[in-house]
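Here is the naming used below: chain letters follow the sequence lines, and residue numbers restart at 1 for every chain.
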Amino acid sequence: MKIPPVKGTRDFYPAQMARRNGIIDGWKKVSIRNGFEEYDGPIFEYLTMYQIKSGQEIVEQLFSLQDRGGRELAIRPEITPTLARMVNQTINSLPRPIKWFAVPRLCRAERPQKGRLREFFQWNIDIIGENLGQADAEVIFTALDYLRMVGLTSKDIQAKISSRKLLAAVLTDIGIPPEKLDSLYAVLDKKAKLPAEAFEAVLAEQVPDRNQAKKVLDFMALDAIGQVREVAGTNETIMDAVRDVEKIFAMLEWMGVGEYCRFDPSVVRGLAYYTGMVFEVHDIAGELRAICGGGRYDNLLRDFGGPPIPATGMGMGDVVLEILLQERGLLEKQAIKPPLEYFVTFAEQLLGSDMYRLAAAIRSRGHSANFSYRQGGLSKQLKDATAQGARKCIIIGQEYVERRQLVIKDMATGVQESIDVEQFLSRLSS
RNA sequence: GUGAAAGUAGCUCAGUUUGGAUAGAGCAUUGGAUUGUGGUUCCAAGGGUCGCGGGUUCGAAUCCCGUCUUUCACCCCA
C-alpha cells in the first residue's frame, strides 16, 4: 500500500537536505555574529496560548490535538508566544537586553500555494528590553546581513520600513477615530496589492469623508521619512514618531545597508499587536510574498502576564527565501555537502581484509572513508568511488605487499602518489 | 473555507482532440564490454494496475461522475 506525503509537507532527500542545512546554518551564523543567542521551546503548547495575541481566526488555522489528559494542545504555528512565555518565566534573572534567536519548525493548517506550505522553518530574532530604536535597526540589519551574505543585492531586495506609531499619529491627526484604526490598517495593508482605483474604492468605504481620504492617500504616497517631517507641521505626536523612524534610518545608513532600505507607509502588517516600527523585505520585482517581516511589539510580554517590557523582532521563512534564491541561481551555493575524503580500494583479491582495516583506521582518525561493497575488480571500485564523489582513492596493491606502500589517487586530477601506510595514517592524526 | 487548471516510469514529457489489441522516448538507475585505474563511449536490462474509486462501452490512459494530490489565485498571513 502506497502512502503519499501529507498535503503541504516536503520530503528532504539528501539534495534538498543539503540546501536546508545550508540555509539554516547561514541563519545561525549571522545570528551569532550579530550577538544573538539560540533558544528553543517545545513543538506543541497549550492551544489557548495562541489565542492571546491572535484570536479565534488564527486558531482555525493551526493543527490542534487533545492529549490523553484532556489538555487542548496545538502544534506551534509561530514561536513568539513561546518566547514570551519563556522570557516572562525568567525575566528577573535575565540580563538585558535579551537578544535571542531560534529556527523553529512550524505548522499552519493553511491552503498551500506559492511560497506557503503547511510545514516550514522560520528564522526568528528578537530583542527584548530596549525601546530607543537601536534594537529595531539591529533587527533589520541582521536580516539584511544574512540576505547580503547569501548574495542578494539592493537590486534584488528592499526593506520597506514604516511605523505603526507614526501611522496612528498621522491618521488621528487627519481625524480618524481611534476605534476605526485597526480596520483601516487592514485596508492600507492592501495598497501594494491592489490597482490604484480599486484601492481608492475600498479606502472610500472605510473613510467616507473625501477630504480625509485624500489626506490618507497623500500620506500613503510618501516614500521618504523626510517628507513626513515636512507635512507634519507642529504635531508633536507625529514628530515624535518621525524622530524614531529617522533614528532607525540613520543607524542603518551608518551600518552600511542604507541602500537596501526605504520608507514605505504601505507596510502595515496584518497583526494588531505591533506598536512601533514595522518592516518587510520584498523582492524588488514584487513577484513573491514578503521574504521576512517584523516589527516592534511593546505590549506582548505584558499581554502574556509579564511586566511591560518593550520588544522588537522579525521572522524569515525558508519557503519564499528558497524560491528567491533558486530564481537568482544562489540556492545551490547554499547546499552543504560534506565531501567523501577517501575511497579505499584493493587491487589484489587477498588484500580485502586490509581494505576494511584501512577504512576503519581512517574513520577513527576523524576522516570520511568508504569502500565498495562489490567484489569486482579495481575498475568497478573506481566507478563506485566516482559515483560517490570521493576526493581521493587509496589503492592497496602490489606496492603494499612488497613495501607497505599505498597508492593515493587524486580523483580530480588523476595524479597518483605512493606513501608508506604508517606515514599516511600519522599524517591523518595530526 | 472559495474558484480555476493539472495528474502517464524516479525525473521531464509524448500518446487523450477522433475510445481499439503488448502504453513510448530522453535523462536517471542496474548489469556487461573492463581481473592494476574512474568520468567518455557502446550494448543490454529492470522499472507503469496511465493518482484512486465508480460509471458508460464488446473494449477506457482516452468519455462521464466522485475523490485525493499538486499548481495558481482569493480569504488569511502570526
Side-chain angles (χ1 to χ4, degrees), chain A residues 1-11 13 15 45 49-62 74-84 104 106-118 120 122 124 126 185-186 189-190 193-194 268-274 278 280 287-295 297 300 313-317 319-320 323 343 345-351 372 374-401 406-416 418:
Chain A
M1 182 178 178
K2 232 180 190 172
I3 304 203
V6 174
K7 180 204 275 275
T9 63
R10 292 169 289 180
D11 292 329
Y13 289 86
E45 295 269 7
M49 199 164 87
Y50 300 111
Q51 297 169 309
I52 292 175
K53 84 172 195 194
S54 310
Q56 188 58 38
E57 296 136 25
I58 293 306
V59 169
E60 283 160 16
Q61 293 191 344
L62 46 80
I75 299 175
R76 61 186 179 189
E78 56 170 330
I79 201 170
T80 310
T82 302
L83 171 70
L106 307 175
C107 293
R108 298 175 184 176
E110 296 173 297
R111 192 87 172 255
Q113 55 188 283
K114 190 174 189 182
R116 186 157 85 175
L117 298 171
R118 294 182 135 190
F120 56 96
Q122 190 182 66
N124 282 255
D126 291 277
Y185 289 157
D189 198 37
K190 299 238 182 301
K193 268 192 173 181
L194 296 173
V268 180
R269 303 210 29 93
L271 243 68
Y273 71 77
Y274 288 112
V278 285
E280 288 177 353
E287 286 162 359
L288 302 173
R289 298 169 167 280
I291 299 156
C292 75
Y297 52 97
L300 191 68
M314 74 99 204
M316 181 187 298
V319 183
V320 174
I323 294 170
F343 199 92
T345 65
F346 62 92
E348 310 283 332
Q349 288 296 334
L350 293 175
L351 298 174
S372 177
R374 295 201 268 193
Q375 298 303 309
L378 183 59
S379 175
K380 293 271 190 296
Q381 297 177 63
L382 287 170
K383 231 185 227 303
D384 280 351
T386 300
Q388 295 185 28
R391 290 274 174 84
K392 290 181 175 177
C393 258
I394 298 174
I395 301 165
I396 309 173
Q398 204 55 38
E399 306 89 336
Y400 184 78
V401 178
L406 302 169
V407 174
I408 315 274
K409 180 185 176 75
D410 185 299
M411 295 301 277
T413 63
V415 174
Q416 300 192 171
S418 292

Base, sugar-phosphate or nothing for [X]? Non-hydrogen atoms, less than 4.0 Å.
X	value
A/Gly8	sugar-phosphate
A/Arg374	sugar-phosphate
A/Lys409	base
A/Leu62	nothing
A/Gln122	nothing
A/Lys190	sugar-phosphate
A/Gly414	base

Between [options], which one does the side chain of [X] approach most closely?
X	options	result
A/Val407	B/rU37, B/rC76, B/rA78	B/rU37
A/Arg111	B/rC75, B/rU2, B/rA78	B/rU2
A/Leu382	B/rG38, B/rA78, B/rC72	B/rG38
A/Lys383	B/rG39, B/rC76, B/rC74	B/rG39
A/Ala347	B/rG32, B/rA73, B/rG36	B/rG36
A/Glu348	B/rA33, B/rA78, B/rG36	B/rG36

(request) For A/Ala390 and for A/Pro5, find the nucleotide of RNA chain B with the closest heavy atom, then tell me which residue's nucleotide is more 5'. (result) A/Ala390
Look at the side chain of [X] against the base of [N] and say whether a donor-acceptor pair falls under 3.5 Å; ignore hydrogens and angles.
X	N	result
A/Lys7	B/rU69	no
A/Gln381	B/rU37	no
A/Glu399	B/rG36	yes
A/Thr386	B/rG38	yes

(request) Considering non-hydrogen atoms only, spot the tightest contact between A/Leu106 and A/Pro77 and give its length. (result) CD1-O, 3.6 Å
(message) Any side-chain to backbone donor/acceptor pair from A/Gln381 onto A/Phe346? Under 3.5 Å, distance only.
(response) yes
(message) Looking at A/Thr345 and A/Ile394, would you say the former's side chain and the latter's main chain have a donor-acceptor pair under 3.5 Å?
(response) yes
With a 4.0 Å cutoff (strictly under), does any side-chain N or O of [X] reach OP1 or OP2 of [N]?
X	N	answer
A/Lys380	B/rG32	yes
A/Arg108	B/rC77	no
A/Thr80	B/rA78	no

(request) Could you please name the partner base of B/rG39, counting Watson-Crick and G-U wobble pairs only when both distances are under 3.5 Å? (result) none
(request) Give the rounded distance in Å between these two atoms: CZ of A/Arg118 and P of B/rA78. (result) 18 Å
